[in-house]
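Below is one structure, written out as structure tokens, with a few remarks after it.
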Amino acid sequence: MTITSPHLGSSAGWTDARLLYALEEVVEKELNRHLKVAKDWMPHEYVPWSDARNFPGFFEDGEAWDKEQSKVTEIGRIALVVNLLTEDNLPSYHHEIASLFGRDGAWGTWVHRWTAEEGRHGIVMRDYLLASRAVDPDKLEQFRMAHMSEGFESDNSHSMLHSVAYVSFQELATRISHRNTGHQSGDPVCDRMLARIATDENLHMIFYRNLLKAAFEIAPDLTMQAVRDVVVNFRMPGHGIPGFERAAAQMAIGEVYNMRIHHDDVLEPVLRFLKIMEIDGLGPEGQKAQEELGLFMGGLNAEATKFDEKLAARKARMAARAAG
């Protein structure tokens, strides 16, 4: 793919304000496409309300939470808490993207629509967890308070292009995490709920991915550098959750989200869609970023292969133990 769009003389010619203006028509087009395909849904329809009962506190008949009441697996509980606490930070995410993208025109309409759709995810997940008694409600609230009290600042708030690149991958990562959590949860009700959420996340990914493709057409060097930076330094928005490292390690072993999944199911599909390694006509900085991106992906694949081998060996040991 040859980029023939003008570079405005140099990359320095592109400011965030100019890029926002240049991409406004693409945002409007993608917004209209999104509104045609997105389906409204009711969070309360996905919650097993008949399973609910009072918790202790103000109610005399309240029943304390017990692990045995949960229908979901251990890995399901861990991943559900991480996923919900990540969704809980929506006010901070809204502030970040509204500050970067603005509140006017097509950009503003998208920011508010995205926030409204994302709001459903936290609502339905919390209602499901409490009604089904899937997790300890006291710990869930303690974690939420600790996580949100820390505040949130995006690693990419310094640059509109970096932010668009980040959400292109992050929305897909969130979709994969929700989907795999549902598969590993052991509860069909949970699986169905998370599949509905994952459908939204996929549509959000498509919006940002298409916007990122358009950015390559007008500012290829800067966009390539942004993608390189984001891919190399990627981390999920829930990294500030109390005990995140331990939970992430358990989710990796439980095959909810790990290096192999990140490489194969998140990074590769977006990079392949963008035909990232086929883009030519780049300046020196763009070429350097493209080369570094290719090297990083090769290194990540090698690390993922090592992880796969360790995971397979662990499964073999556990199977032998169970057989013995």
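Counting begins at 1 with the first residue of the sequence. Since we're looking at a predicted model, the values are computed, not measured.
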Show your reasoning for whether side chain to side chain contact (heavy atoms under 4.5 Å, CB included) applies to E63 and F55.
CA-CA 5 Å; E63 183 181 347; F55 288 104; over 6 Å; no
Please tabulate, for the side chains in residues 167-177, all donor-acceptor contacts under 3.5 angstrom to protein atoms that are two or more places apart in sequence or on a different chain.
from : atom 1 : to   : atom 2 : distance (Å)
S168 : OG     : V164 : O      : 2.8
S168 : OG     : Y208 : O      : 3.2
Q170 : NE2    : T174 : OG1    : 2.7
E171 : OE2    : W114 : NE1    : 2.8
T174 : OG1    : Q170 : O      : 2.9
R175 : NH1    : N202 : OD1    : 3.1
S177 : OG     : N83  : OD1    : 3.2

Residues in side chain to side chain contact (heavy atoms under 4.5 Å, CB included) contact with D191, at least two apart in sequence or another chain:
R179, H183
Side-chain contact test, heavy atoms from C-beta onward, threshold under 4.5 Å: evaluate it for Q290 versus R228 and give yes or no.
no
Any side-chain heavy-atom pair from D155 and R235 closer than 4.5 angstrom?
yes
Without placing hydrogens or testing angles, list every side-chain donor-acceptor pair under 3.5 Å for residues 307-324, not counting sequence neighbours.
from : atom 1 : to   : atom 2 : distance (Å)
D308 : OD2    : R260 : NE     : 2.8
D308 : OD2    : R260 : NH2    : 3.4
K315 : NZ     : E255 : OE2    : 2.7

Hey, does Q142 have a side-chain heavy atom less than 4.5 Å from the side chain of K139?
yes
Is any NZ, NE, NH1 or NH2 atom of the basic residue among R53 and D61 found under 4.0 Å from an Asp or Glu carboxylate oxygen of the other?
no
For Q287, the side chain to side chain contact (heavy atoms under 4.5 Å, CB included) test, sequence neighbours excluded, returns L282
Using a distance-only test with no angle check, is there a side-chain donor-acceptor pair under 3.5 angstrom linking Y166 and D229?
no
Is it true that Q225 and H162 share a donor-acceptor pair across their side chains at a distance under 3.5 Å?
no
Give the ring-plane orientation class for W110 versus H34, where under 30° counts as parallel, over 60° as perpendicular and anything between as tilted.
perpendicular
Scan side-chain atoms only and decide if D127 and H44 contain a donor-acceptor pair under the 3.5 Å cut-off.
no
Those residues that, when tested against D40, pass side chain to side chain contact (heavy atoms under 4.5 Å, CB included) (two or more places apart):
R113, R120
Steps toward side chain to side chain donor-acceptor pair (under 3.5 Å) verdict (H121, E201):
CA-CA 10 Å; H121 304 167; E201 303 289 11; 3.3 Å; yes
Y257 and T181: side chain to side chain contact (heavy atoms under 4.5 Å, CB included), yes or no, with the steps?
CA-CA 9 Å; Y257 201 94; T181 298; over 6 Å; no
Between F296 and V230, is there a shared hydrophobic cluster once you connect ILVMFWY residues whose side-chain heavy atoms come closer than 4.5 Å?
yes
Residue pair H178 / E87, side-chain donor-acceptor N/O under 3.5 Å
yes
What about L23 and Y21, same hydrophobic cluster or not, with Ile/Leu/Val/Met/Phe/Trp/Tyr joined at side-chain heavy-atom distances under 4.5 Å?
no
Do L203 and V37 have side-chain heavy atoms sitting under 4.5 Å apart?
yes
Please examine the side chains of R144 and R126, heavy atoms only from C-beta on, and report whether any two atoms are closer than 4.5 Å.
yes
May I ask you to test the W107-L31 pair for a side-chain heavy-atom distance under 4.5 Å?
no
Considering only NZ, NE, NH1 and NH2 on the basic side and carboxylate oxygens on the acidic side, decide whether R133 and D51 come within less than 4.0 Å.
no
Residues L274, I279; criterion side chain to side chain contact (heavy atoms under 4.5 Å, CB included); working and verdict
CA-CA 9 Å; L274 295 170; I279 295 175; 5.6 Å; no
Flag yes if L295 and L293 sit in one hydrophobic cluster, no otherwise; membership is Ile, Leu, Val, Met, Phe, Trp, Tyr, and two members link when side-chain heavy atoms are under 4.5 Å apart.
no
Please report the closest heavy-atom contact between A131 and P48, naming both atoms and the distance.
CB-O, 3.9 Å
Path from V27 to L20 over hydrophobic side-chain contacts below 4.5 Å
yes
Taking only residues two or more places apart in sequence, or in another chain, which ones meet K67 in a side chain to side chain contact (heavy atoms under 4.5 Å, CB included)?
W65, E74, R77
E291 and K288: CA distance, side-chain angles, deciding distance, salt bridge (Lys or Arg N to Asp or Glu O under 4.0 Å) verdict
CA-CA 5 Å; E291 290 166 6; K288 180 184 175 186; over 6 Å; no
Shortest non-hydrogen contact from V231 to M297?
CG1-SD, 4.2 Å
